[in-house]
Each structure stands twice: as C-alpha cells, then as structure tokens.
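Everything below concerns the one structure shown next.
Atoms within a ligand are numbered from 1 in the order they appear, just like the ligands themselves. Just so you know, these numbers use all the heavy atoms, side chains as well, and skip hydrogens, waters and symmetry mates.
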Amino acid sequence: MPVIRNLGRAASQLLQSSGCGCGMSLVPVRAIGVSPRQVASDASFHSVTFSESDHPRVLITGGLGQLGVGLAKLLRKRFGKNNVILSDIRKPADNVFYSGPFIFADILDYKNLREIVVNNRITWLFHYSALLSAVGEANVPLARAVNITGLHNVLDIAAEHNLRLFVPSTIGAFGPTSPRDPTPDLCIQRPRTIYGVSKVHAELMGEYYHYRYGLDFRCLRYPGIISADSQPGGGTTDYAVQIFHDAIKTGKFKCYLRPDTRLPMMYIDDCLKATLEVMEAPAETLTMRTYNISAMSFTPEELAQEVQKYVPELQMTYNVDQVRQAIADSWPMNFDDSNARRDWGWKHDYDLPELVTTMFSYLGSDSRIAQAN
Ligand SMILES: NC(=O)c1ccc[n+]([C@@H]2O[C@H](COP(=O)([O-])OP(=O)(O)OC[C@H]3O[C@@H](n4cnc5c(N)ncnc54)[C@H](O)[C@@H]3O)[C@@H](O)[C@H]2O)c1
Ligand SMILES: C[C@@H](O)[C@H](N)C(=O)O
C-alpha cells in the first residue's frame, strides 16, 4: 500500500512542521480504504507544478449544457485544444466530440473524478454540472445530490490537488428577503429553491476552503444567460432564449412569466469572457471570492418589443407557470456588480439591443425572416 504509506508520512511530516500547530494549511483528503487523513496542500505526489509560462490543464464538468461547449471553445483558443478537456455524463454530438478532448465524468463518482484529475494533470477546474432552478424543483433529491454532494467531491479533489477552481453561482442564490433592486454582493441570502440553497452552500463552502485550506476558489454569480447555439437546461430564465426560436419559426411565443417580470440577463459571450477574466485575475486584485456580474435587466414585455423590430408580426401571449413565476418574483431585478468592475475590470459588451441583433444574426439566416427579405 505505497500510496497510503506516503499519505501517512506526508501527514505526519506536515503535522510536525506546522508552526502554529493550528493545522490551517492542511487540506482534507478522503480515505482510500482507511480512515481520513490530512496532507500538505503542496504535497507533490499527485499534483504537478507548472512554471508560470505553462498553460493550465483544464477540466470542465457538466460541459454539454448551455454554457460548457462555448467555454471549451474560448479556453481552447487561449490555452490550446488539447489542454482543455470537456466532460459530462451525456453522449456528445459529433461536432463536439471531434472538436477536442471529451471524457465521461460523473461528479458523483469521487474516485473516477480524482483519477481524471490525476491522469490528466489537471490544474484548473470549471465546475459546471448542476440541476437548474426549474428542474431542481421537479427533482429535489437529484438536485441535492448533484448540486451539493457533487460539489463536495469537486471541492475535496480541488483542494487535494491544488487546483484553481471556478464554480458559477447565480442570481438564484438570493431570495425574497434580499434587496432586489439592486442586489449587492453582500446581503441577506435566503433563497426558496433547492438550486438557490445549493448555490449559497457552494459559495460558502468554496470561500471556507479558500480561507481554511488556501484553495484558489473563484465564483461569479451569473444572471440568466442567453445563447443562440445551445439550449438552456431547465431554468426560470429560459423564456428569454426560447422567444427567439419561436419568433423565427412560428411568429408566436407563449411566455410562462408575467409581462412585467424583471430579471438580470446576459449574452453568453459576456458570461464566458467574465469567467476567463476572473480566472486569470491576479489573486491580489480579488478582494472577494464571489462576485455579482451584470449586463442588462429586462421584462418579457421589453424583450418582445425589441424582438418585434425584427419580427414585427410576433404575437406574444402569456400563460403564467406558477412555479417559475414564484421563483422569478423572489430573484433580483437588477444586479449590483460594482465590486467586479472595480477589482478586476469587468465590463460587459452586450446590452439589450446588441443582444437581440446578435441573436438574429445567428439564428435568422435561414429563417422565415430571411426568406421574407
Ligand atoms: N445558464 C444559465 O442561465 C446560468 C445562470 C446562472 C448560473 N449558471 C450555472 O452555470 C453552470 C452551467 O450552466 P448550464 O446552463 O450550462 O447548465 P445545463 O443544465 O445546461 O447543463 C448542466 C450539465 O450538467 C450535467 N450533469 C448533470 N448531472 C451530472 C453529473 N452527475 N455529473 C456530471 N455532469 C452532470 C448535465 O448532463 C448537463 O449537461 C451551472 O452550474 C449553472 O448553475 C447557469
Ligand atoms: C438564472 C440561472 O441560474 C438559470 N438560468 C435558471 O433560471 O435557473
């Protein structure tokens, strides 16, 4: 059992050399068939040290959802195709499979995830696996497992292997007792969805691991994200993507939120740009480890008016879904992201008109609109 012997040796060396005796530099390592042990956060038997000039070796979990494929594309452009591994528990489409490394990774399988990190010498991990707000309410036990147990696996592996870890949070981490207009970074967070509860837990656990074990944890609270070439995975803000597809295909859209429901939203390119920027920001510029980011806020009515500039005949009707409406009514209306703008220079590129123009230029080319012109 050489690995176990090494772990034991490292732990006892560290305990002996720990100056303050308070164990602050220890990271939690799970049992490998024996009782849990502690090893130095800079233990070298699993992690590989890279020089400053080397590219990170990246793993993206839950990478086949709305955001992961776009993130992989951006990171591969920056760090090289083979330095970015996309993973999920689903089967990738051909174009995704052939665009760069893809691997099966179930975040609930701790040992397999650990093996992937070790064998591929991962140094940065983007943890995208999650059940979003609406699907989470429909299956609370699964959401609890994926969003909370899965996060625990990722945190322990990241701490053990000195990874830089990005975990996205969300506007959904706030609740009805939070200030909603605007919502600052630090305020009451009492969300009423399992999704929101799990994201507050992720923020707090990540920050705790940062202060307790030195984990390089970075987190952004995303607004609802709008993308043209990927579908949302079952959230409350999905209507703002679907409206474009339905307007183009049928000229009609039935919205499940009330016309005056205001929520913060963002175009995917801004979201991914912010994610890379905060991961590359020098640690000393980060006065916090969890930041709000913002670009625009609109209601279904305002979005419809903007869409009607491209599809004037769009017929918008409303059939309110009580579950999603209650969620939206408890979320921020406007997001205060002044700390991100001050600390690491966050700046969005897309406002509402720019977003709508971009969506139609992606989706509109072989649509009814194009045929009519
Ligand atoms: N899309 C948004 O509007 C938005 C907004 C705020 C925050 N976020 C966060 O960004 C991240 C990515 O969001 P998304 O929209 O791409 O989500 P998504 O729902 O589209 O994709 C999530 C992915 O997780 C995978 N997954 C589920 N169970 C898994 C498991 N056991 N192991 C590994 N993978 C598993 C799913 O197969 C899916 O591909 C999530 O953490 C989400 O909370 C998204
Ligand atoms: C806002 C976000 O976290 C996600 N799009 C949801 O609606 O659940």
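Interface of Ala105 with ligand 1, defined as ligand atoms under 4.0 Å from a residue heavy atom, comprises 32 (N), 33 (C). Atoms of ligand 2 lying under 4.0 Å from at least one heavy atom of Ser133, given by number and element, are 6 (C), 7 (O), 8 (O). Taking every heavy atom of Trp331 and a limit of under 4.0 angstrom, the matching atoms of ligand 2 come to 1 (C), 6 (C), 7 (O), 8 (O). Taking a cut-off of under 4.0 Å to the non-hydrogen atoms of Pro223, the atoms of ligand 1 that pass are 3 (O), 5 (C), 6 (C). Remark: ligand 1 atoms within the under-4.0 Å shell around heavy atoms of Ser169 are 6 (C), 7 (C). Atoms of ligand 1 found under 4.0 Å from any heavy atom of Thr170, numbered from 1 in the order shown, are 6 (C), 7 (C). Distances below 4.0 Å separate heavy atoms of Pro168 from the following atoms of ligand 1: 9 (C), 10 (O), 11 (C), 41 (O). Within the listing of ligand 1, atoms 3 (O) sit less than 4.0 angstrom from a heavy atom of Gly224.
In summary, the side chains of Ser178 and Thr183 do not present any donor paired with an acceptor at a separation below 3.5 Å, with no hydrogens or angles considered. Using a 3.5 Å distance cut-off with no hydrogens or angles, the side chains of Asp246 and Gln242 do pair a donor with an acceptor.
Ligand 1 has at least one atom lying under 4.0 Å from a heavy atom of Asp88. Taking 4.0 Å as the cut-off, Lys199 counts as a neighbour of ligand 1 on heavy-atom distance. For the ligand labelled ligand 1, residue Gly235 lies outside the 4.0 Å heavy-atom shell.
Note: Tyr213 and Tyr208 have perpendicular aromatic rings, judged against thresholds of 30 and 60 degrees for the angle between ring planes. Ring orientation note: the planes of His348 and Trp346 are tilted relative to one another, at an angle of 30° to 60°.
When hydrogens are left out, the protein atom nearest atom 31 (N) of ligand 1 is Asp106 OD1, 2.9 Å; that is the closest non-hydrogen contact. Closest to atom 23 (C) of ligand 1 among all protein heavy atoms lies Gly62 O, 3.5 Å.
The nearest pair of heavy atoms linking Leu155 to Gly206 is CD2-CA, 4.0 Å.
Only the side chain of Thr170 comes within contact range of ligand 2, with a heavy atom under 4.0 Å; no backbone atom does. Residue Tyr222 does not touch ligand 2, judged by heavy-atom distances below 4.0 Å. When non-hydrogen atoms are compared, ligand 2 lies under 4.0 Å from neither the backbone nor the side chain of Ile225.
The environment of NZ in Lys273 is crowded: more than 12 heavy-atom neighbours from other residues, nucleotides or ligands sit within 6.0 Å.
By heavy-atom distance, the residue among Thr237, Leu132, Val135, Thr236 lying nearest atom 5 (N) of ligand 2 is Thr237. Within the set Val154, Ile226, Ile89, the minimum heavy-atom distance to atom 28 (N) of ligand 1 is found for Ile89.
Look at Asp156 and Arg114 and you find no salt bridge, because none of the NZ, NE, NH1 or NH2 atoms lies under 4.0 Å from a carboxylate O. Under the 4.0 Å criterion applied to side-chain N and carboxylate O atoms, Asp216 and Arg289 are assigned as salt-bridge partners.
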message: Set out, in order, the CA-CA distance, both residues' side-chain angles and the distance that settles side-chain hydrogen bond (donor to acceptor under 3.5 Å, both in side chains) for Thr357 and Tyr310, then state yes or no.
response: CA-CA 8 Å; Thr357 304; Tyr310 295 81; 2.8 Å; yes
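Counting only distance, with no hydrogens or angles, the side chain of Arg262 and the backbone of Asp181 share no donor-acceptor pair below 3.5 Å.
No option in Asp185, Asp337, Asp343, Asn339 other than Asp343 meets the side-chain hydrogen bond (donor to acceptor under 3.5 Å, both in side chains) test with Tyr291.
Inclusion of Tyr195 in the set of residues having an N or O under 3.5 Å from an N or O of ligand 2 is warranted.
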